Structures are given as structure tokens and as C-alpha cells.
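The analysis underlying the following values was restricted to heavy atoms, covering all of them including side chains, and did not include hydrogens, waters or symmetry mates. Keep in mind the model is a prediction, meaning the values are calculated, not measured.
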There are 2 protein chains.
Amino acid sequence: MPPELAPRGVDLLLRKLLYHSLLSTDDQDAIAALPFTRRRLDPGSIIIREGERCDICPILLSGFAYRHKMTGDGGRQIVALKLPGDPLDFQSLYLGRADHTVQTLTSVELAIVPNRELERLVMARPSLARAVVVDIVIEASIGREWLLNIGRRNALARLAHLICEIHHRLAISATSLVESDLPITQEQLADLLGLTPVHINRTLKELERAGAIVRNGRRIRIGDLDRLCDLADFSDLYLHAHEAADDRSVRRGG
Amino acid sequence: MPPELAPRGVDLLLRKLLYHSLLSTDDQDAIAALPFTRRRLDPGSIIIREGERCDICPILLSGFAYRHKMTGDGGRQIVALKLPGDPLDFQSLYLGRADHTVQTLTSVELAIVPNRELERLVMARPSLARAVVVDIVIEASIGREWLLNIGRRNALARLAHLICEIHHRLAISATSLVESDLPITQEQLADLLGLTPVHINRTLKELERAGAIVRNGRRIRIGDLDRLCDLADFSDLYLHAHEAADDRSVRRGG
DNA sequence: CGCAGCATTGACAGGGGTCAATTGGCGTGG
DNA sequence: CCACGCCAATTGACCCCTGTCAATGCTGCG
């Protein structure tokens with residue numbers, strides 16, 4: 001089992017925040033000292049329900065999760081995908097009622113930190129408060145790219161783009177999963193991309209024919225990343241993956 | 001000329017922030033004392049360019065603006081619409097490079113606050129820091145609703161939904177504009193909704209036939225708000241318009 | 001009064017949706 | 001170890017919503 005599947009605690013959160021923000025060892029210790037409870041959940045479990053208040057901050061230690069919304073007539077759209085290491089709902093530190101539902105996609109392991117504790121921490125440490133907001137604005141940036149993706153790209157590019165994004169994001173906080181299969185059904189891909197399951201199926205076949213992905217039964221994996229990025233019109237600017245590094249060079253006067 | 005078109009300074013920002021957050025008169029004075037320069041811009045002016053750094057915080061005093069992104073082959077998607085009173089880019093307080101372009105839609109008047117000043121303010125006043133982040137997460141929430149709108153609603157509902165949203169948002173910070181015409185071309189509506197100008201035209205005609213909107217030449221205005229909300233499957237939960245009020249009653253123990 | 005840009009319209013095409021039947025994978029229980 | 005059942009995946013036929021292209025009309029402005 002890769003280390004990401006058996007994390008020591010909120011360390012994964014630490015790793016994710018560190019990737020985007022510069023934190024002192026003191027800050028890092030403060031995060032590592034956060035009290036939390038661990039919980040396992042089955043696929044499809046609802047973690048936060050639309051319209052309700054939420055006073056805990058769940059952090060994804062292993063497995064995938066997502067935010068989704070539904071139209072009045074039952075259409076479902078996944079509006080954010082959460083990977084190992086991702087905090088699931090920093091937003092509830094700032095807003096009372098959830099405007100969407102958060103649900104597990106695979107079986108997951110969570111670290112649950114009380115909002116109260118997290119609030120205490122960010123009140124005391126401005127650099128951590130900043131790291132939390134950086135995580136929030138990067139998620140917003142990803143949402144904007146999804147708008148472009150769903151609004152202006154055809155099914156092939158849309159699907160390729162999503163797979164590229166997952167690959168790049170796993171490379172940040174769950175490196176050992178980068179080469180593994182996607183644990184996502186075609187129906188979930190459809191909800192992620194604003195398409196239908198049937199059309200996802202046709203498009204997966206096309207991506208396979210193009211050599212961009214490899215499939216084996218229900219398993220999907222990247223075959224040729226360059227080809228995939230090419231088909232997807234993919235640029236990783238919106239992931240802001242190198243923000244912290246940029247900051248470092250700026251502060252050095254580079 | 002309605003008062004929103006001739007504001008006294010950053011007061012509109014104040015009004016917007018106050019709507020969502022509880023601020024002491026002390027905080028309010030601090031905002032009112034922010035140094036800023038005023039600038040007028042023509043329609044189509046670029047305020048922030050994708051990929052560049054930004055060290056100012058523009059606040060929209062009058063007029064409309066938007067964020068947009070483009071695909072490699074020229075497809076354009078507007079990913080956020082900004083109305084009078086809206087801060088245009090709090091995000092640049094937290095991220096180095098803009099992941100999108102910010103541009104004026106109409107002729108606008110801006111109040112430009114140096115990020116440095118804003119940073120000083122929010123460092124000194126946690127309640128203002130919080131108000132800034134609340135604005136950021138509400139914009140993110142709007143983005144998620146747009147994902148649902150573009151991903152899962154047909155052209156008629158999509159367009160109706162956008163018009164409903166503009167109406168509700170104007171009611172927050174630019175009340176005098178609620179009853180006025182929309183200053184948006186059909187091409188811009190297309191970029192907002194992931195459709196083509198031609199189809200926007202057909203859909204506007206359909207909305208008019210349904211009695212939901214009234215058109216006069218290039219002018220569009222709401223005819224029957226209830227009908228429009230109905231066609232749009234609209235619920236205002238995602239605007240978090242009553243957060244502050246909710247908080248108040250919670251703190252009162254209500 | 002003429003231009004430029006936006007709006008409108010029609011004909012046509014195609015991407016993606018819908019429906020329905022079939023196949024295949026896989027966990028469960030006998 | 002096999003049979004069963006369930007759910008995901010696959011496939012084909014068909015259709016419709018929306019895109020595309022191109023011509024024409026309108027409107028505000030210099």
C-alpha cells in the first residue's frame with residue numbers, strides 16, 4: 001500500500017498547503033498538532049448536505065470525493081473533484097449554509113478537524129490563514145477552468161482535459177497515485193463534464209483509438225500524456241502549482 | 001442619475017461587504033478611509049491580463065465588467081460577471097499570476113486601491129480579512145452555480161437563470177439598477193452562457209414569447225420575474241445573500 | 001447620410017442526447 | 001467452484017438542440 005493510503009494524520013494537508021504556501025517549521029508543527037478524528041466512509045457517502053450548516057473541516061487522507069449540485073428536474077453536475085490531501089470544505093469556515101453537497105466517490109479515509117480548532121489556529125497564525133485562503137482561491141481557479149472546459153470545449157477535449165488535470169493534481173499531493181487507474185465510473189465522468197454516460201463511452205473509445213489513454217475492462221489510465229494534453233488544449237497555469245516557488249524567487253529578488 | 005452612478009468613494013464596496021458580513025462602525029470607518037484613485041474606462045478595456053502579476057485592487061463603482069478565459073482555438077468563456085460595488089480582484093491578494101483576464105463590459109468607473117494598503121488593513125482587522133474572504137467564497141459559489149447552469153440546463157433555462165441572477169445581485173449593491181435594461185450584447189450573453197450569438201437570439205425571442213422578458217430594440221428587461229425564475233429553476237441559496245442576517249439571528253440565539 | 005457593429009433570419013449540419021437492448025464484470029451465496 | 005444478480009459498460013438507431021454559414025436588416029453615431 002502506497003504511503004498516501006496510510007497517512008500519519010493531517011500530514012497530507014500539510015503537504016498540500018506547503019506546496020502552495022511558504023510555512024515556517026513553527027506553522028508546520030502547529031498543523032501537525034491539530035486534534036482530529038479519523039473516519040472511514042464507503043463510496044457514495046454524503047459528508048456535507050446542501051443547505052445545512054457544517055462545523056467540521058474534513059480532510060481527505062485517501063480516496064476521491066466531490067461537490068455536486070442538482071437542477072430541479074434531476075440533472076446532476078459535479079462542480080469540484082477532491083483528491084487525497086485536499087481539504088474538503090474550508091468554505092464552511094466563512095459561510096453558514098452549504099450551497100452544495102459533498103460526497104465520497106470511492107471509499108475514503110478522512111481526518112476530521114473541528115472548525116473551532118482550525119479557527120483558533122488561523123486566528124493565531126496569519127501565515128496559516130493565508131494558506132487556507134490560497135487553497136480556496138486555487139479551487140475557485142479550477143472551477144473557472146471547468147467553466148471554460150464545459151462551456152467551450154467539445155466532448156473529446158473536455159474529457160482529455162479532466163484526465164490531464166487529475167494527473168497534474170495527483171502529482172502535487174498523492175504522487176504514488178499518478179500512475180494508477182482512475183477510480184471513476186462513466187456515469188460519474190458524465191456528471192463531471194456535463195455530458196451523458198453514453199457519450200462518455202463513445203468519447204473514451206475515441207481517446208483510446210487516438211492512443212491517449214489505455215483501457216482494461218473498467219480501468220482507465222493515461223497512455224500518452226503529451227497526446228492527451230494536446231487533445232485537451234491543456235495548460236497548467238490555472239492550477240497555480242508553482243506559486244510558492246515563484247514567491248520564493250521573487251522574495252530573493254529573482 | 002441614480003446614486004450608484006456617482007458614488008462618493010469606496011462606499012459601494014462597503015455596502016457590498018456589509019451585506020454579507022457584520023462590520024463594526026470602526027471597521028466601516030477604516031474602509032472609508034482607504035486611499036484610492038478613481039479611473040474611468042471605456043467598454044472592452046482590459047483591467048487585468050492573464051498570466052501577469054497584479055498589485056492593485058480595482059473596485060467597480062459603476063458599470064459592468066467580467067472575467068474571461070479562452071481556449072487555444074479562440075473559444076471564449078466569461079467565467080464571472082461583476083456588477084457595481086463588486087471588488088474585481090481580491091484574489092490577487094493571495095495569488096501571484098492572474099489565471100484569467102478581467103475586462104470591462106460597459107464604460108465603467110473604478111476605485112483603485114493599492115494591494116499594499118488593503119493588505120495593511122486586513123492584517124490589522126481580522127473582521128475585514130474575513131469579509132474579504134467571504135466575498136471570495138461567494139464568488140466561488142456563484143461559479144459553481146454557473147457550472148450547473150452551463151453543464152445541465154438547456155439554453156432557455158440557462159439564459160433565464162442568468163437574468164434572474166443579475167436581478168438578485170443588483171438588488172444587493174445597486175438597487176437603482178434593478179429595473180433598468182441589461183447593457184449586454186447578444187454576443188456577450190453567448191460568451192457568458194457557453195452558447196452562440198445566433199442561438200442567444202433565438203432564445204431571447206422565446207423568452208419574450210413566454211412573457212418572461214420585454215425587448216425594445218437592443219434593450220432587454222425583465223417582464224415577469226416569477227415566470228423567469230420558474231423557467232430558470234432559480235433558487236437564490238447560492239448567492240448567500242442572507243448570510244449576515246442568519247448570523248445575526250444565530251448570535252442572538254434565534 | 002453613410003458606416004460599423006449588432007441583431008435577425010433561414011437553411012442546413014452535426015454533436016451530443018435519448019431510448020432500449022445486450023454484454024460483461026464482479027461480488028455474493030449456495 | 002459455479003450460478004445468480006446487480007450494476008456498469010457497450011452498442012445501435014434515431015432525433016433534436018445547438019452550431020455553422022451566410023445574407024439581410026437595423027440602429028446608433030460620427
Query raised in the report: Rounded to the nearest Å, what distance is computed from the CD1 atom of residue B:Ile200 to the P atom of nucleotide D:dC17?
Result: 16 Å
Query raised in the report: Is the shortest distance from a Lys or Arg side-chain nitrogen in B:Glu52 or B:Arg97 to a carboxylate oxygen in the other one below 4.0 Å?
Result: no
Query raised in the report: Please, which pairs that meet ring pair (Phe, Tyr, Trp, His ring centres under 6.0 Å) have at least one residue in residues 162-212 of chain B, sequence neighbours excluded?
Result: B:His168-B:Phe234
Report summary line: Comparing nearest nucleotides in DNA chain D, the 5'-proximal residue of the pair A:Gly217, B:Gly194 is A:Gly217
Report summary line: For B:Arg221, the side chain to side chain contact (heavy atoms under 4.5 Å, CB included) test, sequence neighbours excluded, returns B:Asp181
Report task. Indicate, with a heavy-atom threshold strictly under 4.0 Å, whether A:Arg219 touches base, sugar-phosphate, or nothing. Result -> nothing
Requested in this report: Could you check which of C:dT18, D:dT18, C:dA7 has an atom nearest any side-chain atom of B:Thr185?
Outcome: C:dA7
Query raised in the report: In terms of side-chain heavy atoms of B:Glu187, which of C:dG16, D:dT11, C:dC6 is nearest?
Result: C:dC6
**Report entry** Spacing between B:Arg215 atom CZ and C:dC6 atom P, to the nearest angstrom
**Finding:** 16 Å
Query - Residues that A:Glu139 engages under side chain to side chain contact (heavy atoms under 4.5 Å, CB included), provided they are two or more places apart - result: A:Arg67, A:Ala80, A:Lys82, B:Arg144
Query raised in the report: Under 3.5 Å, is there an N or O donor on one side and an acceptor on the other linking the side chain of A:Arg202 and the base of D:dG12?
Result: no
Requested in this report: Would you list the pairs meeting salt bridge (charged side-chain N to carboxylate O under 4.0 Å, His left out) in which at least one residue belongs to residues 150-171 of chain A, sequence neighbours left out?
Outcome: A:Asp86-A:Arg169, A:Glu145-A:Arg153, A:Arg152-B:Asp191, A:Arg153-A:Asp233, A:Glu165-A:Arg169
Requested in this report: Would you mind reading off the distance between B:Asp181 atom CG and C:dC6 atom P, rounded to a whole angstrom?
Outcome: 18 Å
Query - Proximity to the side chain of A:Thr196 - top-ranked nucleotide from C:dG10, C:dG17, C:dG16 - result: C:dG17
Query - Nucleotide D:dT18, atom C1' - distance to CD of B:Glu206 in whole Å - result: 12 Å
**Report entry** Interatomic distance where CZ belongs to A:Arg218 and P belongs to D:dC7 [whole Å]
**Finding:** 11 Å
**Report entry** Nearest non-hydrogen partners of B:Arg227 and B:Ala212, listed with the distance
**Finding:** CG-CB, 4.2 Å
Query raised in the report: Closest to the B:Val198 side chain: D:dA9, C:dG17, D:dT20?
Result: D:dT20
Report task. Could you check how far CG of A:Leu189 sits from P of D:dA8, rounded to whole Å? Result -> 13 Å
Query raised in the report: Taking the side chain of A:Asn201 as its heavy atoms from C-beta onward, which of D:dC21, C:dA7, D:dA9 lies nearest to it?
Result: D:dA9
Report summary line: B:Leu105 atom CG is separated from C:dC6 atom P, nearest whole Å, by 11 Å
Query raised in the report: Looking across every strand, which nucleic acid part, if any, lies under 4.0 Å from B:Leu204 by heavy atom: base, sugar-phosphate, or nothing?
Result: nothing
Report task. Could you tell me the separation between the NE2 atom of B:His199 and the C1' atom of C:dC12, rounded to a whole number of Å? Result -> 15 Å
Query raised in the report: Excluding sequence neighbours, so at least two apart, what forms side chain to side chain contact (heavy atoms under 4.5 Å, CB included) with B:Ile172?
Result: B:Tyr19, B:His20, B:Ala241
Report task. Can you pull out how bent the helix from C:dC1-D:dG30 to C:dG30-D:dC1 is, comparing the axes over its first five and last five pairs, to 10°? Result -> 40°
Query raised in the report: Quick one: is B:Lys205 getting a side-chain N or O under 4.0 Å of the C:dT9 phosphate, OP1 or OP2?
Result: yes
Query raised in the report: For A:Arg158, which contact category applies under a 4.0 Å heavy-atom criterion: base, sugar-phosphate, or nothing?
Result: nothing
Query - Heavy atoms from other residues, nucleotides or ligands near CD of A:Glu187 exceed 12 (cutoff 6.0 Å) - result: no
